[in-house]
Amino acid sequence: MATMKVHGAVYSTASQRVFACLYEKELKFEFVPIDMSTGAHKKEPFISLNPFGQLPAFEDGDLKLFESRAINLHVAHAYADKGNQLIYQDRKKMAIALTWMQVEAHQFDPVASNLGWELAFKPIFGMTTDTAVVEEKEAKLGQVLDVYEARLGQSKYLGGDNFTLADLNHLPSIQLLMGTQVKKLFDSRPHVSAWCADILARPAWLKVVAMQANN
Amino acid sequence: MKVHGAVYSTASQRVFACLYEKQLEFELVPIDMIGAGAHKKEPFISLNPFGQVPAFEDGDLTLFESRAINLYIAHAYADKGTQLVYDGKKMATVSVWMEVEAHQFGPVALKLVWELVLNPTLGMTTDAAVVQEAAAKLGQVLDIYEARLGQSKYLGGDDFTLVDLHHLPFIQSLMGSQVKKLFDSRPRVSAWCTQILARPAWLKVVAMQVNN
């Protein structure tokens, strides 16, 4: 059987989302680094794997996929018997988990990515942080986290009583934002804070973090 | 089954389309957003804490986020009406293009719908600079769709699935604007739009707006 491959970069949050899933499932994969500084993600051979020219892309035998959340859903279903369960088999429980996966994608990620760009990436590139944007986005993220705080008072994890992709898909952005002033938004909400501490401490996630130190 | 939403809400329309394709009976519970701000208050806010339409009830199961609702319906009622998902490996490719609709197409389409369709309705001015930038971006996305539809009859595979369905509300809306030309000028995209917009289930959704 051909090895699974992830074409991505260790500092790419979307690539990290997929690494996390593969480590949780204890699946072997080959990491194919894509050097975005040379624009490799916008050229062949990468562009044939993802016509939108974004990391990551994924190969599982002859199946080629892109979009980290789709990759993770495939891996979680196809390898349901391996490693940690990341989805539910029960239809109703899965429907609720899917709802909170959409929440991560549409409510959390856009504002978290904006803040990550302003506070974590711009300084690295020598660009100036836009404080007005930060203020606006922090307020927005606070509103989202208020909903999470209520949800996590009723449910151990976002998608239900078990850790699933609904939680995992947050890890790269939360890790990134914990290294910025936005940390206070997570820390000041008790259920959210405990949930973050729990998921950030997972062995599979620590392996993803270690990839950045080692590369 | 109940859908708490509004006939003019694109996200609600996404769910109506799915229910009509699956030939499932449902009750529409209209949520008055414009007049009453009902989506930000009880009882709606208990159904969706993010205060956005639609919300959905099937017995004791309550869901929100239109794409999650549709995935649930498509799987739970796989034996009814149109097949909207695949089993096995083919579903992985459908998942990919569902993400494309949500993250590549959706945001830029929404921007154009706001500027070209909603702002005029609300008596607000269209920002031409935003339109120009968003139209260029949409063109790039549609170039990729044009290539994809050269390899695949529908976006997710050889059959109509949720991938194509999820595009319907924004495409319908944009076909009534100056951005129509972006779809019409790309032959495969144009043919695909014509086909999916003509589906009987979608025509029922369009009729809901006329009748309400």
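Please read these numbers as outputs of a predicted model, since none were measured by experiment. Below, all heavy atoms of this structure are taken into account, side chains as well, without hydrogens, waters or symmetry copies. Protein chains get the first letters and strands the later ones, always in sequence-line order, with residue 1 at the start of each.
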Checklist line | Among H77(A), R91(A), R151(A), M94(A), residue most engaged with chain B (heavy-atom pairs, under 4.5 Å) | finding: R91(A)
Notebook entry, point to check: Quick one: does T93(B)'s side chain get under 4.5 Å of L63(A)'s, heavy atoms only?
Noted result: yes
Margin query: Does any part of the side chain of E67(A), heavy atoms only, come nearer than 4.5 Å to the side chain of Q104(B), both counted from C-beta?
Written below: yes
Notebook entry, point to check: Quick one: are I96(A) and L61(B) in side-chain contact, heavy atoms under 4.5 Å?
Noted result: yes
Note to self: Could you report the tightest heavy-atom contact between L73(A) and S95(B), atom names first, then the distance?
What the structure shows: CD1-OG, 4.5 Å
Next item on the list: Any chance you could lay out the side chain to side chain contact (heavy atoms under 4.5 Å, CB included) test for V147(A) and F50(B), step after step, and finish with the verdict?
Entry: CA-CA 7 Å; V147(A) 177; F50(B) 293 93; 3.6 Å; yes
Checklist line | chain A contact via V100(B) - which portion, at a heavy-atom distance below 4.5 Å | finding: both
Next item on the list: Measure A102(B) against the heavy atoms of chain A and call it side chain, backbone, both or neither at under 4.5 Å.
Entry: both
Next item on the list: Compare all side-chain heavy atoms of E65(B) with those of M101(A) and state whether any distance is below 4.5 angstrom.
Entry: no
Notebook entry, point to check: If you measure from the Lys or Arg side-chain nitrogens to the Asp or Glu carboxylate oxygens, is any gap between K92(A) and D60(B) under 4.0 Å?
Noted result: yes
Item checked: Proximity of residues 40-59 of chain A to chain B, residues having a non-hydrogen atom under 4.5 angstrom -> P51(A), F52(A), Q54(A)
Notebook entry, point to check: Around atom CH2 of W117(A), are there more than 12 heavy atoms of other residues, nucleotides or ligands at under 6.0 Å?
Noted result: yes
Next item on the list: Evaluate the side-chain proximity of K89(B) to D62(A): yes if any heavy-atom separation is below 4.5 Å, no if none is.
Entry: yes
Margin query: Less than 4.5 Å to any heavy atom of chain A: does that hold for the side chain of Q140(B), its backbone, both, or neither?
Written below: neither
Check: Residue by residue, which of residues 103-111 of chain A have a heavy atom closer than 4.5 Å to a heavy atom belonging to chain B?
Finding: V103(A), A105(A), H106(A), Q107(A)
